[in-house]
2 protein chains.
Amino acid sequence: MSDHRDTDGALDAIRSSGGRITETKRSVIEILAAANEHLSAEAVTAVVHQTTPGVAPSTVYRILEELVRLKLVEHSHAGRGPVTYHLGTHDHGHLVCQECGLITEAEPELFETLTSLGLSRHGFVVDAHHFAVLGTCVSCASRLSR
Amino acid sequence: MSDHRDTDGALDAIRSSGGRITETKRSVIEILAAANEHLSAEAVTAVVHQTTPGVAPSTVYRILEELVRLKLVEHSHAGRGPVTYHLGTHDHGHLVCQECGLITEAEPELFETLTSLGLSRHGFVVDAHHFAVLGTCVSCASRLSR
DNA sequence: ATGTTTGCAAATTGTTTGCAGGCGG
DNA sequence: CCGCCTGCAAACAATTTGCAAACAT
């Protein structure tokens, strides 16, 4: 598990950007490192509260924003619902099911044509991890067609 | 101009679905038919107010929702900012610039790989007009690189 | 008539901000 | 101790909802 490397690297990055290390920041980073899913700010806050009730939601938002600024964390917009956060470790996009909300990670290849044609035809630089590809997941698709 | 065909078709669809035709509904449809851009609910409300002040925003939301249900109108989520609506006439996706908010329409081809690999690898049915592809437009990209 | 629509106001959801005190380096 | 950080409360943006009156058919 590379949780420690991720966590320590993040702490260093915060320090060297002039930021300070607090218990809550450490928590947030650990929570994101431990989560295999994409968490909303509210979800992160809930987990923080398990060990430290009383932390303000606004603080969590501010910490997440700081981490995004430092490019340690990525946030992606999922059509309906809150923004989700995750450590920006590997390159991937997101497939979000409109029916059940399931988020599936998508390999970079899926975005190749979109990225290259976006650039060549429109001069548009696509940021594939920042947005959600909306649609219907396998199980919902089969459930709906029955 | 096919505004009339679009408008009349929409009115028929509303009638045959059991809905009633009101001045405000007619307005909303005409506004969308006349607009070449993608409008937010707030923007539609503002235009409606030019001729009929006093129409409640909630009414416009309800009308837009009805039109979406009848598949006469499509709405797309643009990362940050409100949802935008447009007549669902031709097939296209949306490239939304994170810097300036510019919305560029994208040809279906850009989504071919995403759609086919999404399906073959994840069984995920991509709905290409429903979400925004976030990134940076030509002018913002060149401005930022300078 | 009768069931759809609307205006109004209040509630929701997700997030941001202002401020005064607290704490990390 | 200096300045980043935090909690709290209030502000915000974009919608959504509950209701009784108004209107389309």
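Proteins get letters first, then strands, A, B, ... in listed order; numbering begins at 1 in each. Keep in mind that this is a model prediction, so the values were computed, not measured.
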Quiz prompt | Residues clustering with B:Y61 (ILVMFWY side chains joined when closer than 4.5 Å, directly or via others) | solution = none
Quiz item: So where does chain B start and stop touching DNA chain D, 5' to 3', when the test is distance under 4.0 Å to a non-hydrogen atom?
Solution: D:dA14 to D:dT25
Exercise. Could you list by number each residue of residues 49-60 of chain A showing a heavy-atom separation from DNA chain D of less than 4.0 Å, or answer none if no residue does?
Key: A:G54, A:V55, A:A56, A:S58, A:T59
Please list, one pair per line, the donor and acceptor atoms closer than 3.5 Å that link side chains of residues 115-124 of chain B to other protein atoms, with sequence neighbours excluded.
{"from": "B:T115", "atom 1": "OG1", "to": "B:F111", "atom 2": "O", "distance (Å)": "2.7"}
{"from": "B:S116", "atom 1": "OG", "to": "B:E112", "atom 2": "O", "distance (Å)": "3.0"}
{"from": "B:S116", "atom 1": "OG", "to": "B:T113", "atom 2": "O", "distance (Å)": "3.3"}
{"from": "B:S120", "atom 1": "OG", "to": "B:S116", "atom 2": "O", "distance (Å)": "3.0"}
{"from": "B:R121", "atom 1": "NH1", "to": "A:E107", "atom 2": "OE2", "distance (Å)": "3.4"}
{"from": "B:R121", "atom 1": "NH1", "to": "A:E109", "atom 2": "OE2", "distance (Å)": "3.1"}
{"from": "B:R121", "atom 1": "NH2", "to": "A:E109", "atom 2": "OE2", "distance (Å)": "3.4"}
{"from": "B:H122", "atom 1": "NE2", "to": "A:E107", "atom 2": "OE1", "distance (Å)": "2.9"}

Practice problem: Give me the bend of the helix from C:dA1-D:dT25 to C:dT13-D:dA13, using the axes of the five pairs at each end, rounded to 10°. | Solution: 30°
Quiz item: What's the CD1-C1' distance between B:I63 and C:dT6, to the nearest Å?
Solution: 9 Å
Kindly give the atom pairs (protein nitrogen or oxygen, nucleotide nitrogen or oxygen) under 3.5 Å for nucleotides 11-14 of chain C.
none

Quiz item: Could you state the interatomic distance from SG (B:C97) to NE2 (B:H94), rounded to the nearest 0.5 Å?
Solution: 15.0 Å
Practice problem: Let me see the working for A:E74 and A:H86 under side chain to side chain contact (heavy atoms under 4.5 Å, CB included), right down to the final yes or no. | Solution: CA-CA 6 Å; A:E74 289 180 352; A:H86 57 97; 3.6 Å; yes
Self-check item: Rounded distance (nearest 0.5 Å) linking atom CD1 of A:I103 with atom OG of A:S76
Solution: 6.5 Å
Quiz prompt | Residues in side chain to side chain donor-acceptor pair (under 3.5 Å) contact with B:S58, at least two apart in sequence or another chain | solution = B:R62
Quiz item: How many angstroms lie between OG in A:S17 and CZ in A:R69, if you round to the nearest 0.5 Å?
Solution: 7.5 Å
Exercise. Please name all residues satisfying side chain to side chain contact (heavy atoms under 4.5 Å, CB included) with A:R143, sequence neighbours left out, ordered by chain then number.
Key: A:E99, A:C140, A:R146
Quiz item: With side chains defined as the heavy atoms from C-beta onward, is the minimum distance between A:E66 and A:K25 less than 4.5 Å?
Solution: yes
Quiz item: NA contact type, B:E66, heavy-atom cut-off 4.0 Å: base, sugar-phosphate, or nothing?
Solution: sugar-phosphate
Practice problem: Would you name the heavy atoms of A:V96 and A:G101 that are closest together and state the gap between them? | Solution: CG1-O, 4.3 Å
Quiz item: For B:L64, which fellow cluster members are found when Ile, Leu, Val, Met, Phe, Trp and Tyr are connected by side-chain heavy-atom distances below 4.5 angstrom, either directly or through intermediates?
Solution: B:L11, B:I14, B:I21, B:V28, B:I29, B:I31, B:L32, B:L39, B:V44, B:V47, B:V48, B:V55, B:V60, B:I63, B:L67, B:V68, B:L70, B:L72, B:V73, B:V83, B:Y85, B:L87
Dump the pairs, protein N or O against N or O of nucleotides 19-25 of chain C, anything under 3.5 Å, distances to one decimal.
{"from": "C:dG24", "atom 1": "N2", "to": "A:R20", "atom 2": "NH1", "distance (Å)": "2.8"}
{"from": "C:dG24", "atom 1": "N2", "to": "A:R20", "atom 2": "NH2", "distance (Å)": "3.1"}
{"from": "C:dG24", "atom 1": "N3", "to": "A:R20", "atom 2": "NH1", "distance (Å)": "3.2"}
{"from": "C:dG25", "atom 1": "OP1", "to": "A:I21", "atom 2": "N", "distance (Å)": "3.2"}

Quiz prompt | Pairs touching residues 42-56 of chain B that satisfy side chain to side chain donor-acceptor pair (under 3.5 Å), sequence neighbours left out | solution = none
In residues 125-138 of chain A, what donor-acceptor pairs under 3.5 Å come from side-chain atoms, sequence neighbours left out?
{"from": "A:D127", "atom 1": "OD1", "to": "A:H129", "atom 2": "ND1", "distance (Å)": "3.1"}
{"from": "A:D127", "atom 1": "OD2", "to": "A:H130", "atom 2": "ND1", "distance (Å)": "3.0"}
{"from": "A:H129", "atom 1": "NE2", "to": "A:D91", "atom 2": "OD1", "distance (Å)": "2.9"}
{"from": "A:H130", "atom 1": "NE2", "to": "A:H75", "atom 2": "NE2", "distance (Å)": "3.3"}

Quiz item: Can you tell me if B:H92 uses its side chain to pair, donor with acceptor, with the backbone of B:H90 under 3.5 Å?
Solution: yes
Quiz item: Roughly how far apart are A:Q98 CD and A:C100 SG, rounded to 0.5 Å?
Solution: 10.5 Å
